[in-house]
Amino acid sequence: MNSRSVVLFICCFLLFSCSGKKVYSEGNPELKVRRFDTALYNYLKGTASESDLSGYSDFMTIFGSNIIYIGKADSTGFDSRLKSFFSEPTLMGLYADEQSKFADIGFIDEELTPAFEALLKEFPALKQPRIYMHVSGLNQNVIVTDDALSISADKYLGSDYPLYKEFYYDYQLQNMTPERIVPDYLLGYMMADFSFKGDGNVLLDRMLYEGKLRYILSRILPERPIWECMAYTQDQYQWCSDNHSRIWKSILHNNQLYDSNHLIVSQYLNDAPHTTSLPPESPGRVGVWIGFQIINSYMKHNPETTLQELMNKTNAQELLKQAKYKP
């Protein structure tokens, strides 16, 4: 399969509100989550036959090749490798907990379906994906191929899930909750389809790209408070708001806005306990937060700009100028 497989490890503002008129509806049934995770679990437990997995034949190849790395579904010995992979007791315990936690995913479909409808309306050239849920054994969060979008639900069992404490830091645990599933589905899909265009080694270019994605997310998830669109707690968001000018001045004072040093760019954009150039009480990823602020300012000063036009603007310096950004 030719795929643009994008795997996200999402361990992966002035209080701008995402709130608005509620848009939840039954929506397009093709945009609802397909429960591959449940079908495979039942097969592994012996309560379903191989024929019960026939409706997931295409995704099974994606799952085997791109997620658990045991090869294509039609390769010799695939079934035995599949069962061997899931034979580890701790993994099956994790799988059982995932099935219990997500026995009902109506709350996910209720938010995800209209959000995808809104995204596809803004970007009609996008291909409507088949949306799945899988268990990877704490591997990928989100995987996107040419035909499929899937999330590893075993990484969203709650920040207090006992097994997580053996593998993750506290700053990672805050986003391993069921509430992060819908935003992560959408971010994963957008990162795959809206490829970065600009100078990838320059902090400003990267911040604006990340800011655009969060701005779009805030528009298609109108019920979400903005700190959730940023994958922040309310306190983390408030710290950035209270120190808005300080963050920006620090970037300018250290001549980092146009810095092409990978370590500098990473320090502002990567998930971390805090941003190393700022006080220890700062959250990580403040560059993403600043990027959102600049994009939000740009859209306020250019309200006629569509989301498609926004994504097409790749001249970072010109966009910053037109944003009239003054923290």
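- Checked by atom type, the side-chain pair N28/Q128 shows a donor-acceptor distance below 3.5 Å.
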- Message: As a quick check of understanding, evaluate salt bridge (Lys or Arg N to Asp or Glu O under 4.0 Å) for R206 and E210, giving each step before the final call.
- Response: CA-CA 6 Å; R206 294 300 314 189; E210 298 288 345; 3.8 Å; yes
- Item | side chain to side chain contact (heavy atoms under 4.5 Å, CB included) between Y95 and K45, intermediate numbers included | CA-CA 11 Å; Y95 210 150; K45 296 294 288 185; over 6 Å; no
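- Between L31 and I131 the shortest side-chain heavy-atom distance falls below 4.5 Å.
- Without hydrogens or angle criteria, D52 side chain to S49 main chain gives a donor-acceptor distance under 3.5 Å.
- Inter-residue side-chain proximity for H274 and S282 is flagged as met; some heavy-atom pair is nearer than 4.5 Å.
- Other residues, nucleotides and ligands contribute at most 12 non-hydrogen atoms within 6.0 Å of the CZ atom of R130.
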- Item | Candidate pair Y41 and E98, rule side chain to side chain donor-acceptor pair (under 3.5 Å), full reasoning | CA-CA 10 Å; Y41 181 77; E98 182 270 346; over 6 Å; no
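- Checked against the 6.0 Å centroid threshold, Y215 and Y298 do not count as a close aromatic pair.
- Relative ring orientation between F36 and Y56 is described as perpendicular, the plane-to-plane angle rising above 60° on a 0-90° scale split at 30° and 60°.
- At distances below 3.5 Å, at least one donor-acceptor pair connects side-chain atoms of Q236 with backbone N or O atoms of T233.
- The shortest heavy-atom contact between V265 and N201 is CG2-O, 3.9 Å.
- Annotation: side chain of P183 is in contact with side chain of L221 (closest heavy-atom distance under 4.5 Å).
- Classification of the F107-F102 ring pair by plane angle, with boundaries at 30° and 60°, yields parallel.
- Separation of atoms OG (S136) and CD1 (I67) is listed at 7.0 Å; rounding is to 0.5 Å.
- Q99 and T38 share a side-chain donor-acceptor pair at under 3.5 Å.
- Under the 3.5 Å distance criterion, the side-chain polar atoms of R81 are matched with a main-chain donor or acceptor of T76.
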- Item | CA sep, side-chain torsions, deciding dist, call: L173, Y161, side chain to side chain contact (heavy atoms under 4.5 Å, CB included) | CA-CA 9 Å; L173 293 176; Y161 184 66; over 6 Å; no
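- Taken from OG in S84 to CG in D79, the straight-line distance is 11.0 Å, to the nearest 0.5 Å.
- A distance-only check finds no donor-acceptor pair linking the side chain of K83 to the backbone of L44 [under 3.5 Å].
- A distance-only check finds no donor-acceptor pair linking the side chain of S159 to the backbone of Q174 [under 3.5 Å].
- T177 and E179 are linked by a side-chain donor-acceptor pair at a separation below 3.5 angstrom, with hydrogens and angles left out of the test.
- In this structure the side chain of F194 never reaches within 4.5 angstrom of the side chain of K212, judged on heavy atoms.
- A distance of 9.5 Å separates CD1 in I220 from CD in E111, rounded to the nearest 0.5 Å.
- When all heavy atoms of V286 and C240 are compared, the closest pair comes out as CG1-SG, 4.1 Å.
- With contacts defined as side-chain heavy-atom distances shorter than 4.5 Å, the pair S65/K72 qualifies.
- Side chains of M207 and L257 form a contact here, defined as non-hydrogen atoms less than 4.5 Å apart.
- S250 and Q256 get closest at one heavy-atom pair: O-OE1, 4.0 Å.
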- Task: Go through the steps to decide whether T145 and F59 satisfy the test side chain to side chain contact (heavy atoms under 4.5 Å, CB included), and finish with yes or no.
- Result: CA-CA 10 Å; T145 70; F59 185 72; over 6 Å; no
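- Within the 3.5 Å criterion, the main-chain N or O of A153 finds no donor-acceptor partner in the side chain of H134.
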- Go through N141 and Y156 one step at a time and tell me if the side chain to side chain donor-acceptor pair (under 3.5 Å) criterion holds. CA-CA 9 Å; N141 283 48; Y156 297 89; 3.1 Å; yes
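- Contact record, R285 with T275: N-OG1, 4.0 Å, taken as the closest heavy-atom pair.
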- Check the pair D147, K127 against salt bridge (Lys or Arg N to Asp or Glu O under 4.0 Å), reporting the backbone distance first and the verdict last. CA-CA 8 Å; D147 303 302; K127 183 177 180 180; 2.7 Å; yes
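- Between Y189 and F116, the angle of the ring planes goes over 60°, which puts this pair in the perpendicular group of the 30/60° scheme.
- A parallel orientation is assigned to the rings of Y171 and Y169, their planes being inclined by less than 30° (bins at 30° and 60°).
- Put simply, the side chain of H301 does not reach to within 4.5 Å of the side chain of Q322, judged on heavy atoms.
- Going from atom CZ of F292 over to atom OG of S218 covers 4.5 Å, rounded to the nearest 0.5 Å.
- Annotation: the span from S260 atom OG to L204 atom CG amounts to 13.0 Å, rounded to 0.5 Å.
- One N or O on the side chain of S297 and one on the backbone of A323 form a donor-acceptor pair closer than 3.5 Å.
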- Test salt bridge (Lys or Arg N to Asp or Glu O under 4.0 Å) applied to K313 and E318, step by step: CA-CA 9 Å; K313 293 183 179 296; E318 185 64 23; over 6 Å; no
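- Checking side-chain atoms of Y325 against main-chain N and O of I295 turns up no donor-acceptor pair under 3.5 Å.
- Side-chain N/O atoms of S100 and D97 include no donor and acceptor closer than 3.5 Å.
- Remark: side-chain polar atoms of D109 are paired, donor with acceptor, to backbone N or O of V33 under 3.5 angstrom.
- S277 is listed as a side-chain neighbour of Q267, based on a closest heavy-atom distance under 4.5 Å.
- Across all their heavy atoms, D154 and G137 have their closest contact at OD2-N, 3.0 Å.
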- Task: Kindly determine whether Y69 and N139 satisfy side chain to side chain contact (heavy atoms under 4.5 Å, CB included), including the steps that lead there.
- Result: CA-CA 11 Å; Y69 309 110; N139 198 348; 3.7 Å; yes
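- Of all non-hydrogen atoms in P279 and R246, the two that sit nearest each other are CG-NH2, 3.1 Å.
- Note that CG of L310 is 6.0 Å distant from CD1 of I216, once rounded to the nearest 0.5 Å.
- When the side chains of ILVMFWY residues are joined at heavy-atom separations under 4.5 Å, either directly or via intervening members, L263 and L269 end up in two distinct hydrophobic clusters.
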